[in-house]
Amino acid sequence: MPPRYALLYCRAGFEAECAAELAEQAAARGIPGRVIVVPRSGYAAFEPTTPADGTQLSRSLEFAPLVFARQLVFAGPALTGLTSGERVAALLARARELAPRYGGILLETPDTDEAKELLGLCEALKEPLLKAARDAGLLAARPGKALPRLHVFFVEAGTAWVGFSRADNSSPWFMGIPRLRVPGPAPSRSGAKLVEAFSAFMDKNELESRLKPGMKAVDLGAAPGGWSLQLAQRGLLVTAVDNASLHESVLATGLVEHLREDGFRFRPHRPVDWLVCDMVEQPRRIAALVGDWLAQGRAREAIFNLKLPMKRRFEELRACERILERALAHTTDDFTLRFRHLYHDREEVTGYLHRVARRGIAAAPPARRR
């Protein structure tokens, strides 16, 4: 049986944005269908109008461009009425319909307060399901990237979606939530956002080559200094711009210079490697500011947050994308622009903009306009 649904995990309250992205991608690939949105459920789904299009859906939808999704799973219809005595058999029967073999199994729930109690059920089912899958020949002895992962997504004790994800088109994390350690004493929780952003937008080799000790960075709206501290701990020389005070642990690094200036007016005397910005301001104003910095060559890369409005978040994000693209349209360089609603984000999304010079020696691998 081909998968009938594309299932996205997300932060509770962002189901409509997930659904909008799903519908947009599916339409671009010529796959008509309907979205399924349950407010504050922590997930959304897309069902093609024609069941046969489920195969095309699973082969063509891409996880990487999605902003609001934590995970992308291709699933059959939700199983309902599951009881303790038949859960394992019913889950394996659906798994066998979707794929002949799997490299691993994840038992998951939505990331909501209501679903937390289901994690105990997932833990209790884990070993029985693994054993039954091995005995049935559904689970490979050794995990491999070539094989899909089986996802069992419980939304209620008696209701579960069963589907699969591919290693090259999904999040590697359980429930799509990264398990990251924020190094050092943090003056605020915001530092975790920057650590997660580095992991979301760059792989290990890119991090090592593009965040080197001695590089220069500007942190706009720095106070109390969570982002500045993370940069300093990587050895970067940071200019922290904010009229408010920085935490003493940030200044104690000896790598952070604090300037009490307006983040919208400040410009460096010389270009820097990195611009980071977590100012609380209208998202279009932040987009225009970041676009100006990179269009004028004041920074090579930027990570920034857009504080989205409660309503029309998706439309506001697309408007900010257009502002940034217009700002860079007349440069002689290429750029990569990506957004992600990180686990540590709340009502904002985090953006990443990377400028790559066409002439001379590029500081990073070539990027494509998108």
Side-chain angles (χ1 to χ4, degrees), residues 180-198 200-201 211 213-294 296 298-310 313 316-317 320 323-324 327 339-353:
L180 301 174
R181 184 177 65 86
V182 180
S188 69
R189 294 181 60 201
S190 67
K193 288 190 286 188
L194 188 60
V195 173
E196 186 183 351
F198 287 147
F201 297 128
L211 284 165
M215 285 183 170
K216 295 181 179 180
V218 170
D219 183 1
L220 299 179
W227 286 28
S228 291
L229 181 61
Q230 294 305 321
L231 293 168
Q233 287 176 338
R234 292 179 178 272
L236 277 71
L237 305 175
V238 185
T239 300
V241 182
D242 202 307
N243 283 314
S245 299
L246 298 185
H247 193 275
E248 59 183 13
S249 63
V250 180
L251 298 174
T253 64
L255 297 175
V256 179
E257 177 189 15
H258 181 201
L259 299 181
R260 293 183 180 272
E261 296 188 30
D262 183 344
F264 283 97
R265 295 185 178 183
F266 173 80
R267 297 294 185 273
H269 296 299
R270 293 185 178 85
V272 297
D273 299 287
W274 279 93
L275 167 69
V276 299
C277 177
D278 191 23
M279 291 194 288
V280 180
E281 186 50 79
Q282 294 179 5
R284 298 188 195 198
R285 195 177 181 201
I286 297 296
L289 176 67
V290 173
D292 176 73
W293 269 67
L294 270 76
Q296 299 300 321
R298 296 186 176 99
R300 190 182 73 248
E301 307 193 60
I303 288 179
F304 54 98
N305 272 357
L306 300 178
K307 318 293 183 182
L308 298 178
M310 289 295 294
R313 298 180 184 124
E316 185 67 17
L317 175 60
C320 290
I323 289 171
L324 286 158
F339 287 98
R340 179 75 71 189
H341 187 214
L342 304 175
Y343 174 72
H344 290 96
D345 284 336
R346 292 183 179 176
E347 295 298 322
E348 69 264 23
V349 296
T350 299
Y352 170 63
L353 188 55

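These numbers come from a predicted model, not from an experiment.
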Taking only residues two or more places apart in sequence, or in another chain, which ones meet [X] in a salt bridge (Lys or Arg N to Asp or Glu O under 4.0 Å)?
X: Asp242; value: none
X: Glu316; value: Arg284
X: Arg298; value: Asp292

Restricting to side-chain hydrogen bond (donor to acceptor under 3.5 Å, both in side chains), what partner residues turn up for [X], sequence neighbours left out?
X: Arg265; answer: none
X: Glu281; answer: Arg285
X: Asp345; answer: Thr350
X: Glu347; answer: Arg313

- [ ] State, yes or no, whether a side-chain contact exists between Ile286 and Cys277 at a heavy-atom distance under 4.5 Å.
- [x] yes
Excluding sequence neighbours, so at least two apart, what forms side chain to side chain contact (heavy atoms under 4.5 Å, CB included) with [X]?
X: Ala287; value: Cys320, Ile323, Leu324
X: Ala232; value: Thr253, Leu255, Val256
X: Pro271; value: none
X: Asn243; value: Arg260

Task: Partner residues of Tyr352 under the ring pair (Phe, Tyr, Trp, His ring centres under 6.0 Å) criterion, sequence neighbours left out - done: Phe201
